[in-house]
A.B. asks: 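Questions regarding the structure given below will be posed in turn.
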Amino acid sequence: MARPTAPGTRRATSSPLPALAFLAFGVTAAVFYIAVDTPLVNALAFAVAGIGGTVAVVAGPRWHGAQPRFAWRLLAIACVLFLTGALGRPWAVEQDGWPALAADAATVPGYLFMLLGLAGLLRTRGRLPSHAVIDGLIVFIGAALCSVLLLAVPAGSIADRPALVSALAALYPIFDVILVLVLVSLAFTTAARRPSYLLLVASMGSLLIGDVLYAIIGVSGQLTGSRLLDLPFLLGFLLIGAAALHPSVVELGRAARLPVQAWSWQRLLLIGPALAVPFLLTIFVSGRSMADRVVLGVGGAAMVVLMMLRAVSAVQGYAAAQRRYEHRATHDPLTGLPNRLMLAAEVRRLLTVRPPQPTWIWVFFLDLDGFKLVNDSWGHHAGDQLIAEVAGRLRAALPTAATVARVGGDEFVVVHLGSRSEAIALADQIIDCVNEPLQIRQVEAVITASVGIAGTQLGPLPDGGGPPVTADALLRDADTAMYQAKADGRGRWVMFDASMHERVRERVDIEQALRAALNQDDLRLAYQPIVDLESGSLIGAEALLRWNHPERGAVSPAVFIPIAEDTGLIAPIGRWVLDHSLRQLSQWRADGTVSADFWMSVNVSPRQLRDAGLARALDDALARYDVPAAAVVLEITESVMIDPTSVIGQVLSELRQRGIRIVVDDFGTGFSALGYLRSHPVTGVKVDRAFVAGLGTSAKDEEIVRAVVAMSSALHLTVVAEGVETPLQQGVLAVLGVVFGQGELWGEPVEPAVFVQRWAMGRQVPAESAQVRGGNS
Ligand code: C2E
Ligand code: MG
Ligand code: MG
């Protein structure tokens, strides 16, 4: 069965067959090489294996899509150079003087390319640990001492040819050692020793054996030996070719880093013999020249120094790891600030301080307002960016003596010692520094923070007692005060007082009772008429939630909606409201209470708009109750309109495509600029009642409404004025060009039966009589 491949990836085969076939082909060439002893057949068999290996190194990685490509290109160049050197050597050794170096002129660069190629494979694994590098150097020095003193020096002293030619022959084993070391490093960082890796190691091992054999005969003056001496090189080509053709070649360049142990037994097995070299060599070198002994001495000393460095680096590594670990356990990774754990420890420590003068410890609990909105609208990356920015600002703006910690998603805590007035100044400073505009995704945003403050006196108290509170209690009180700051309108600080505990309990109680009310279907909707401002005739209604708490009685939505939003309860409540209001609309349309162009306004909270399934839920409700989308208006708050590219932007567009109208509620009170109206699919605005209240008495409010009307007509938006209470306001609105109105002048929100009684078609009353009736009731 064919394996599916991801689109766009190379169709690589996972079969090892090509590699096996190549090995079989190479072994045949090797057999010919051994069995038939004529120079021509030998040269042919060698050339066939060499060219085959080189072609495999070019084709295999390309075929399998092995990375990095350049590393394999370098290895292919190395193969070409090796092949040239090997085939040219019989000729070169016949030459006198420098031409004798012709073969080496190809082979030595071959080693360089081989080294660079292997290093290229290694590079994908990132920086090697320093102890691995030191181990490599130790092994290298051991091997170099052996090669130089046992092979190169004796070979170099052979008369009748340039010393370089002989010495080079003896130095090849060092090149191989370097290659093997690079491969061993690869092994230390490779999770599984897959076939390609093993074949590559075997290939380098073959080269090493061949070079050592040559170096040994070189000591007695020979530069070429029996053709069997070349067999390791032939095998080397074979093995590297098979390594390149095997499917596991892709894993050689993969950045799979293994945590390496500094003192594993494999390591000791590698460096142990290398460390023994200087001692063993003293036996051979004792009778030799001064220079030889100096080389040995320097080599041995270098090894000792490296061992010491290794020990020091290992100890330092452990210490650094320990520090990193401790830092991670006590700090927040995103901002680098102390975390909750460290903060609590710091507060506990400060509580035990006994200053000579009475001092206070202050805990500031800070929560960003609307952070969730940023996170949900712009994504977590933007959220992180914002948190990091706020952390940086706090750290830069607050005194160094103050502790700044991040204790939750968008929660920070500042701890400071000082007087009460200093604490208040610091709270102002915190709020100001968060308030500075910041840039998120090309949009300039202003974010605010709510801060709760709790403090206690330190040191010798008048009655001789210690501080009355614990760190936990201080943090909890500051947290409670922060909630109060949010409830009081956000973007401010509040000092804790004991009555707040009561308010927090109240919140929890409301939440629980609200949850129960939803489950027991105890919520109700009231409907407030929206009328044509001039004629007072009914054109729509706004559905407004009503709830009676079992003990507290009627609770205003202004109180329980924010709690529902904070706790997530708004989602099921929102669905309930949509369902019930559309059912009511459907019923009124069916029984003739309202005309066909009557619309139902429903409030939706930001949280509902973040639900990508909202449009579909609305589709279902529209279908279930058989009401046209055009009869539904959703009232949204300004705060959701910060980013047209957000999920909310998308949900709004989907709703708009269905023909549902979208109106911005409480217009003018939020933080969004008018420009946002253009980038969002909004159909109208509802002027906030705060501006309507001042009409006829406040010139400023009049100006604002005039501006809203002008802008709305330019953008073809409808304008509804809410909270209209007096004929004076109605008159000014009419003059300003506002067409629709809502407010107690025409009728307060009422239960459906009363709504029908007052507003069923044919029973509608003009504004004046509504005013009289409103006044009487
Ligand atoms: P809103 O959407 O701006 O609703 C208008 C509010 O003004 C209502 O308050 C209404 O009773 C009040 N109002 C009506 N006429 C007048 C008037 O002439 N003068 C004055 N001063 N006020 C008037 P209510 O019912 O207490 O609702 C408060 C807020 O709670 C609503 O403000 C809305 O934001 C929210 N809300 C109500 N029901 C829902 C709902 O089902 N879902 C959501 N998400 N929010 C809701
Ligand atoms: Mg509303
Ligand atoms: Mg409103």
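Values below: every heavy atom of this structure, side chains too, minus hydrogens, waters and symmetry copies. When a ligand or atom number is given, it counts from 1 through the structure's own listing order.
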A.B. asks: Does the pair D579/R624 count as a salt bridge with the N-to-O cut at 4.0 Å?
C.D. replies: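 R624 and D579: salt-bridged.
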
A.B. asks: Count the heavy atoms of every other residue, nucleotide or ligand shown that sit under 6.0 Å from CZ of R420, and state whether that count exceeds 12.
C.D. replies: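 12 or below, so no.
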
A.B. asks: Considering only heavy atoms of G743, which atoms of ligand 1 have at least one such atom less than 4.0 Å away?
C.D. replies: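 The atoms of ligand 1 under 4.0 Å from a heavy atom of G743 are 15 (N), 18 (O).
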
A.B. asks: Quick one: does ligand 1 sit under 4.0 Å from the side chain of E725, the backbone, both or neither, non-hydrogen atoms only?
C.D. replies: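 For E725, only side-chain atoms sit under 4.0 Å from ligand 1.
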
A.B. asks: Are there over 12 heavy-atom neighbours, none belonging to R503, within less than 6.0 Å of that residue's CZ?
C.D. replies: yes

A.B. asks: Is ligand 1 under 4.0 Å from a heavy atom in the side chain of Q528, in the backbone, in both, or in neither?
C.D. replies: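 For Q528, only side-chain atoms sit under 4.0 Å from ligand 1.
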
A.B. asks: Answer with side chain, backbone, both or neither: which part of E748 has a heavy atom less than 4.0 angstrom from an atom of ligand 1?
C.D. replies: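 Neither; nothing of E748 gets under 4.0 Å from ligand 1.
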
A.B. asks: Using a heavy-atom cut-off of under 4.0 Å, does the side chain or the backbone of I561 touch ligand 1, or both, or neither?
C.D. replies: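 Only the side chain of I561 comes within reach of ligand 1.
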
A.B. asks: Would you find more than 12 non-hydrogen atoms of other residues, nucleotides or ligands less than 6.0 Å from H501 atom NE2?
C.D. replies: yes

A.B. asks: Is the shortest distance from a heavy atom of L745 to ligand 1 less than 4.0 Å?
C.D. replies: no

A.B. asks: Counting from 1, what ligand 1 atoms have a heavy atom of P749 closer than 4.0 Å?
C.D. replies: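 The atoms of ligand 1 under 4.0 Å from a heavy atom of P749 are 11 (O).
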
A.B. asks: With a 4.0 Å cut-off on heavy atoms, is E565 in contact with ligand 1?
C.D. replies: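 No, that is not the case, since the closest heavy atom of the residue is not under 4.0 Å from the ligand.
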
A.B. asks: Distance under 4.0 Å to a non-hydrogen atom of S605: what atoms of ligand 1 satisfy this?
C.D. replies: 44 (N)

A.B. asks: Report yes if some heavy atom in the side chain of I563 is under 4.5 Å from a heavy atom in the side chain of L514; otherwise report no.
C.D. replies: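 Side chain of I563 against side chain of L514, heavy atoms only: no contact under 4.5 Å found.
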
A.B. asks: In terms of atom number and element, which parts of ligand 1 are under 4.0 angstrom from non-hydrogen atoms of E722?
C.D. replies: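 Matching atoms, with element in brackets: 3 (O).
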
A.B. asks: Please name the atom of D665, restricted to N, O or S, that is closest to the Mg ion (ligand 2).
C.D. replies: OD2

A.B. asks: Does this structure show an ion pair linking D566 with K486, if we count only N-O contacts that are shorter than 4.0 Å?
C.D. replies: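 No, this pair does not count.
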
A.B. asks: Check the side chains of Q484 and D488 for a donor-acceptor pair under 3.5 angstrom, ignoring hydrogens and angles.
C.D. replies: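 Note: D488 and Q484 side chains meet the donor-acceptor criterion.
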
A.B. asks: Which part of V577 is near ligand 1, with near meaning a heavy atom under 4.0 Å away: side chain, backbone, both or neither?
C.D. replies: side chain

A.B. asks: Applying side chain to side chain donor-acceptor pair (under 3.5 Å), run through D532 and S537 and close with a yes or a no.
C.D. replies: CA-CA 5 Å; D532 180 294; S537 57; 5.1 Å; no

A.B. asks: Could you tell me which atoms of ligand 1, counted from 1 in the order shown, lie closer than 4.0 angstrom to a heavy atom of V724?
C.D. replies: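 Close to V724: 18 (O).
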
A.B. asks: Is atom CG of D521 surrounded by more than 12 heavy atoms (other residues, nucleotides or ligands) closer than 6.0 Å?
C.D. replies: yes

A.B. asks: For ligand 1, which atoms have a heavy atom of R546 less than 4.0 angstrom away?
C.D. replies: 11 (O), 25 (O)

A.B. asks: Given R689, Q729, R607, E744, which has its nearest heavy atom closest to atom 5 (C) of ligand 1?
C.D. replies: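 Ranked by closest heavy atom to atom 5 (C) of ligand 1, first place is R689.
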
